[in-house]
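Everything below concerns the one structure shown next.
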Protein chains: 2
Amino acid sequence: MATIRDVAKLAGVSVATISRYLNKTGYVNIDTELKIKKAIETLNYEPSSVARGLAGKQTKTIALILPDISNPFFPELARAVEDVASTYGYTVIFCNSDDQGAKERTYIELLKKKYIDGIIFASNTLNKHDAEQINVNGIPIVCLDRAPDNHICSVVRSKNREGARLAVEHLLESGCRKIAHIYGPRDLITAQERMKGYEDAVKSLPWYSPSLMVPGNFRIDGGMQATETLLHGHPDIDGIFAGNDLMAIGTLKALHRMQIRVPDQVKVCGFDGIQMAEIMEPELTTVAQPIYEMGAIVSRLLIKKIEGSLDTNEIYELDVTLVPRKSTQKEAQL
Amino acid sequence: MATIRDVAKLAGVSVATISRYLNKTGYVNIDTELKIKKAIETLNYEPSSVARGLAGKQTKTIALILPDISNPFFPELARAVEDVASTYGYTVIFCNSDDQGAKERTYIELLKKKYIDGIIFASNTLNKHDAEQINVNGIPIVCLDRAPDNHICSVVRSKNREGARLAVEHLLESGCRKIAHIYGPRDLITAQERMKGYEDAVKSLPWYSPSLMVPGNFRIDGGMQATETLLHGHPDIDGIFAGNDLMAIGTLKALHRMQIRVPDQVKVCGFDGIQMAEIMEPELTTVAQPIYEMGAIVSRLLIKKIEGSLDTNEIYELDVTLVPRKSTQKEAQL
DNA sequence: CGTATATGTGGTACCGGTTACACATTCAAT
DNA sequence: ATTGAATGTGTAACCGGTACCACATATACG
């Protein structure tokens with residue numbers, strides 16, 4: 001690999017000039033420019049990002065910390081992040097935290113040593129202390145869903161509470177008269193918000209009872225178990241709003257095993273809008289988050305922050321859309 | 001951030017000694033060691049990976065180039081790669097190539113500039129020329145599925161041909177008498193091998209006809225279209241072996257729309273063993289590849305290559321397993 | 001014409017590590 | 001006593017860039 005000094009020698013100028021030419025900082029005579037161009041060409045020179053990273057500030061690398069890439073919600077997000085990052089010339093390192101604070105901190109240490117330019121947090125355990133820790137090091141961060149604390153970093157999230165209300169209202173309109181909710185892990189803001197949305201929509205209704213809310217774990221198996229519990233306690237349930245699609249899929253599976261027909265006997269609605277929802281049989285109605293868009297926005301935000309054209313921390317709340325499908329279809333009106 | 005010189009000053013020794021201590025290269029007196037330890041402790045010193053990268057050789061970073069992380073096959077693979085990489089202290093950069101040679105080459109250029117330690121190719125367009133190009137730069141590479149050329153890099157793949165035979169035999173055992181095949185993109189080795197496996201198993205059977213093989217694109221929509229074409233031409237088909245799970249899912253969907261019952265009228269088998277297969281209704285029988293294991297092996301291989309404890313290029317062919325599920329179930333024997 | 005400003009270029013000290021080499025000292029073996 | 005290996009440490013060049021500063025020349029303005 002040729003170095004900048006090789007190029008300088010061949011072009012008959014100093015390294016400073018080459019650097020100026022490369023970064024378009026300072027003056028370079030048009031003739032000199034041509035000579036440099038030719039030298040670079042013939043030497044097949046490519047500036048080393050590592051040297052640049054050491055000398056200057058930026059490594060043109062960002063990190064994406066998420067709980068688990070094999071959770072179907074994240075691949076699309078990751079794709080979006082990588083897409084916009086690469087169009088801006090950034091490279092992305094990805095880390096699976098499994099939502100464990102310890103792992104996150106380990107990664108953060110590692111990333112600091114690597115002079116990473118910024119971090120996207122799609123993980124949920126980042127707390128105020130950690131965020132401040134990173135901020136101290138001057139590394140810009142942007143969060144998904146969760147704000148460690150007000151204004152410590154920008155946050156992108158979608159309207160979880162409103163979405164949950166939408167889901168319940170849709171179930172009501174579809175003819176449900178007793179709707180249960182399977183909620184996700186208590187420590188996840190998204191799960192909390194969706195639960196609140198559910199409560200908003202049902203608490204004034206005569207049939208409402210707190211026992212209609214049971215915990216899941218945001219995974220398929222959790223949805224299955226919760227559904228069994230639910231139908232055991234309330235055999236007359238005719239609508240289930242699951243806190244995310246994975247649990248809704250579990251619900252569908254459990255109902256199928258119990259030989260309960262969807263949507264005839266029980267209607268089901270999920271939340272997230274992952275691809276899987278569409279391939280279920282019956283197809284799963286869901287409140288879709290704009291996953292790709294979230295990833296794209298969060299990346300653009302981070303890059304803006306890195307490049308200094310943004311120094312305020314804002315909260316972006318994205319709209320969700322109810323996607324009605326088979327699993328909540330009213331009986332045909334004959 | 002403290003630097004090595006700060007530590008040296010505080011500990012009252014030279015930077016060389018600190019470096020020796022850090023890398024456990026060369027002698028360091030036990031007393032000196034203690035002083036250094038203390039200095040590092042009080043300064044909260046962390047060596048800069050970037051400086052190390054520039055001075056020494058390794059950046060402790062590997063790249064994973066795959067077609068598209070949102071293709072359900074890859075998240076699990078990516079997870080495995082990241083898991084083992086991180087246990088060895090490596091960090092992973094991921095790149096979506098969309099199977100476009102141009103994108104791949106752009107990434108490779110970028111990665112070279114970053115002094116990446118090695119590359120895992122799970123993408124399919126890497127050709128001999130590209131691979132040599134990388135080899136010239138001395139960057140170790142390991143491939144999934146595809147060997148650009150014999151012995152230019154190690155390859156991890158699973159027994160596609162044998163797996164396809166397994167699938168067809170299973171369909172035959174389940175009572176099928178006319179089995180079609182939906183194959184994937186012609187330029188993918190995996191698709192070719194699976195097609196060959198299908199042919200191996202059926203070519204000597206009386207009903208066999210080349211028109212039983214139709215192209216899909218390894219995606220859901222491709223599977224749906226292919227299924228429609230297939231049943232149009234051969235209404236008496238009672239078994240379909242799709243080249244991958246995504247297409248098999250499409251098949252299931254198409255059959256459902258055509259009101260053809262699975263497995264009663266037509267049995268379906270996929271290939272890959274992605275999580276989605278299990279959540280289908282009916283659950284999809286498939287030939288499962290050990291996806292996580294493939295990712296783990298390929299990463300370990302790469303790391304060994306990087307660290308010099310491996311210099312031969314080998315081919316690892318992993319066993320596949322037929323996972324019988326509802327979509328190929330025989331009618332109950334009453 | 002003197003002076004300010006724009007244009008163009010080079011020297012070189014960094015950035016924060018690694019490592020080759022030189023130089024001591026200790027200790028066991030001859 | 002001599003020698004050579006093992007132990008221990010420091011100096012400084014290098015990795016490949018960036019950027020500050022000095023310095024020249026050309027052009028414009030009052």
Side-chain angles (χ1 to χ4, degrees), chain A residues 1-37 39-40 43-61 89 109-117 137-138, chain B residues 1-37 39-40 43-61 89 109-117 137-138:
Chain A
M1 278 287 239
T3 76
I4 197 172
R5 287 169 230 268
D6 298 332
V7 178
K9 194 170 293 177
L10 184 60
V13 296
S14 74
V15 292
T17 306
I18 309 288
S19 179
R20 247 176 278 134
Y21 163 78
L22 288 171
N23 304 294
K24 312 208 170 316
T25 151
Y27 303 105
V28 176
N29 185 289
I30 181 77
D31 296 334
T32 316
E33 196 172 322
L34 288 174
K35 279 189 290 178
I36 296 179
K37 252 185 196 144
I40 289 181
L43 289 177
N44 215 308
Y45 167 74
E46 295 274 3
S48 150
S49 309
V50 178
R52 277 190 166 159
L54 181 58
K57 16 235 68 172
Q58 313 222 330
T59 52
K60 286 280 188 175
T61 308
E109 279 314 305
L110 202 77
L111 297 171
K112 267 166 40 181
K113 289 199 238 175
K114 295 215 171 202
Y115 294 7
I116 227 75
D117 292 335
N137 278 272
Chain B
M1 280 288 243
T3 76
I4 198 173
R5 286 170 231 268
D6 299 331
V7 179
K9 193 170 292 174
L10 184 61
V13 295
S14 76
V15 294
T17 306
I18 309 289
S19 180
R20 262 186 312 252
Y21 163 76
L22 289 171
N23 303 294
K24 315 212 168 314
T25 152
Y27 303 106
V28 175
N29 186 288
I30 180 77
D31 297 332
T32 317
E33 195 172 323
L34 288 174
K35 280 190 289 180
I36 295 178
K37 252 185 196 144
I40 289 181
L43 289 176
N44 214 309
Y45 167 74
E46 295 275 3
S48 150
S49 309
V50 178
R52 277 192 165 158
L54 181 58
K57 17 233 70 170
Q58 313 222 331
T59 52
K60 287 279 184 178
T61 308
E109 279 313 306
L110 203 76
L111 297 170
K112 267 166 39 181
K113 288 200 237 176
K114 295 215 173 205
Y115 294 5
I116 228 72
D117 292 335
N137 278 272

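Per chain, numbering begins at 1; letters A, B, ... match sequence-line order. Any value given below was found using the heavy atoms of this structure, including those in side chains, with hydrogens, waters and symmetry copies removed.
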Please determine, for the side chain of B/Leu54, which listed nucleotide (D/dG16, C/dT18, D/dT18) has the closest atom? D/dG16
Give one of base, sugar-phosphate or nothing for B/Thr25, where a contact means two heavy atoms less than 4.0 Å apart. nothing
How is B/Thr32 classified with respect to the nucleic acid when contacts are heavy atoms under 4.0 Å: base, sugar-phosphate, or nothing? sugar-phosphate
Is the number of heavy atoms from other residues, nucleotides or ligands under 6.0 Å of A/Lys60 NZ greater than 12? yes
Out of C/dG8, C/dT12, D/dG17, minimum distance to the side chain of A/Val15 belongs to C/dT12
State whether A/Thr17 places a side-chain N or O below 4.0 Å from either non-bridging phosphate oxygen (OP1 or OP2) of C/dT9. no
Would you mind classifying the nucleic acid contact of A/Val50 as base, sugar-phosphate or nothing, using non-hydrogen atoms under 4.0 angstrom? nothing
Does A/Tyr27 put a side-chain nitrogen or oxygen below 4.0 Å from OP1 or OP2 of C/dG8? no
Report yes if a donor N or O on one partner sits less than 3.5 Å from an acceptor N or O on the other, where the partners are the side chain of A/Arg5 and the base of D/dG16; otherwise report no. yes
From the options D/dC15, C/dG10, D/dG17, select the nucleotide whose nearest atom is closest to the side chain of A/Ile4. D/dG17
Using a cut-off of 4.0 Å on non-hydrogen atoms, how would the nucleic acid contact of B/Ser19 be classed: base, sugar-phosphate, or nothing? base
What I want to check is whether the side chains of B/Thr17 and B/Arg20 have a donor and an acceptor closer together than 3.5 Å. yes
Side chain of B/Ala55, heavy atoms from C-beta onward: which of C/dT9, D/dT9, C/dT18 has the nearest atom to it? C/dT18
Can you find a side chain N or O atom of A/Arg52 that sits less than 4.0 Å from OP1 or OP2 on D/dT18? yes
Validate the cation-pi geometry between A/Lys24 and A/Tyr21: distance from NZ or CZ to the six-membered ring centre under 6.0 Å, angle to the ring axis within 45°. yes
Looking at every strand, decide which applies to B/Glu46 at a 4.0 Å heavy-atom threshold: base, sugar-phosphate, or nothing. sugar-phosphate
Among C/dG8, C/dG17, D/dG17, which is the nearest nucleotide to the side chain of B/Pro47? C/dG17
Which part of the nucleic acid, if any, lies within reach of A/Tyr45 when heavy atoms closer than 4.0 Å are counted: base, sugar-phosphate only, or nothing? sugar-phosphate
